[in-house]
Amino acid sequence: MNKKIRTESVDHLFDAIMALNSREECYEFFEDLCTVNEILSLSQRFEVATMLRRHETYLRIAEQTGASTATISRVNRSLNYGNDGYDMVLDRIENEDADQDK
């Protein structure tokens, strides 16, 4: 875990994010907090991570998301050598989807 980001201010931000109760609240909060480009960049990285977990090729990911190969490589490095944050969230989403299909 990167100790540089573990600050009181970041804790406060994360507490605010965890206080959100719906997708609509997320839109309202993040549109106030971030620029449109920042939100789109975050969503693009998350989409890249999703596709990498499905073993999609870099070319297909780049074509579908518009992400550069540098961004795809960065996300892939996080998936392989990071803190498992992407995997944790993607596993939870997949489990929720499976539960809803029952």
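Small disclaimer: the values here were computed from a predicted structure and weren't measured. Residue numbers start at 1 and run along the sequence shown. We use all heavy atoms of the structure for the numbers below, so side chains are in, but hydrogens, waters and symmetry mates are not.
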Beyond-backbone contact of Leu52 with Val48, side-chain heavy atoms, under 4.5 angstrom:
yes
Is there a chain of hydrophobic side chains (I, L, V, M, F, W, Y, each step under 4.5 Å between heavy atoms) that links Leu20 to Leu33?
yes
Restricting to non-hydrogen atoms, name the atom on Leu79 and the atom on Asp84 that form the minimum distance, rounded to 0.1 Å.
O-OD1, 4.5 Å
Nearest heavy-atom pair of Leu90 and Thr50: which atoms, and what distance?
CD2-OG1, 3.4 Å
Rounded to the nearest 0.5 Å, what separation is found between the CZ atom of Arg6 and the CZ atom of Phe14?
8.5 Å
If we only count heavy atoms from C-beta on, is the Tyr58 to Asn76 side-chain gap below 4.5 Å?
yes
Linking I/L/V/M/F/W/Y whenever any side-chain heavy atoms sit under 4.5 Å apart, do Leu59 and Ile61 land together?
no
State the CE-CD distance between Met51 and Gln64, to the nearest 0.5 angstrom.
4.0 Å
Glu25 side chain to Asn21 main-chain N or O, any donor-acceptor pair under 3.5 Å?
yes
Gap separating the CZ atom of Arg23 from the CD atom of Glu28, nearest 0.5 angstrom:
13.5 Å
Check for me, please, whether Phe29 and Tyr27 land in the same ILVMFWY cluster - side-chain distances under 4.5 Å, paths through other members count.
no
Carboxylate-amine/guanidinium proximity below 4.0 Å for Arg53 and Asp91
yes
Closest approach of Ile72 to Ala62 (non-hydrogen atoms, all atoms of both residues)
CD1-N, 3.7 Å
For a quick test of reading the model, state the closest non-hydrogen atom pair linking Ile39 to Cys34 and the distance between them.
CG1-CB, 3.6 Å
Close side-chain approach of Glu38 to Phe30, heavy-atom, < 4.5 Å:
no
Leu40 versus Val36: any side-chain heavy-atom pair under 4.5 Å?
yes
CG/Leu13 to CE/Met18 distance, rounded to the nearest 0.5 angstrom?
10.0 Å
Following the transitive rule for hydrophobic clusters with a side-chain heavy-atom cut-off under 4.5 Å over Ile, Leu, Val, Met, Phe, Trp and Tyr, establish whether Met88 and Ile93 coincide in one cluster.
yes
Keeping Thr71 on the side-chain end and Ala67 on the backbone end, is there a donor-acceptor pair under 3.5 Å?
no
To the closest 0.5 Å, what do you measure between CD (Glu31) and SG (Cys26)?
11.0 Å
Working to the nearest 0.5 angstrom, can you tell me the gap between Asp97 CG and Arg92 CZ?
14.5 Å
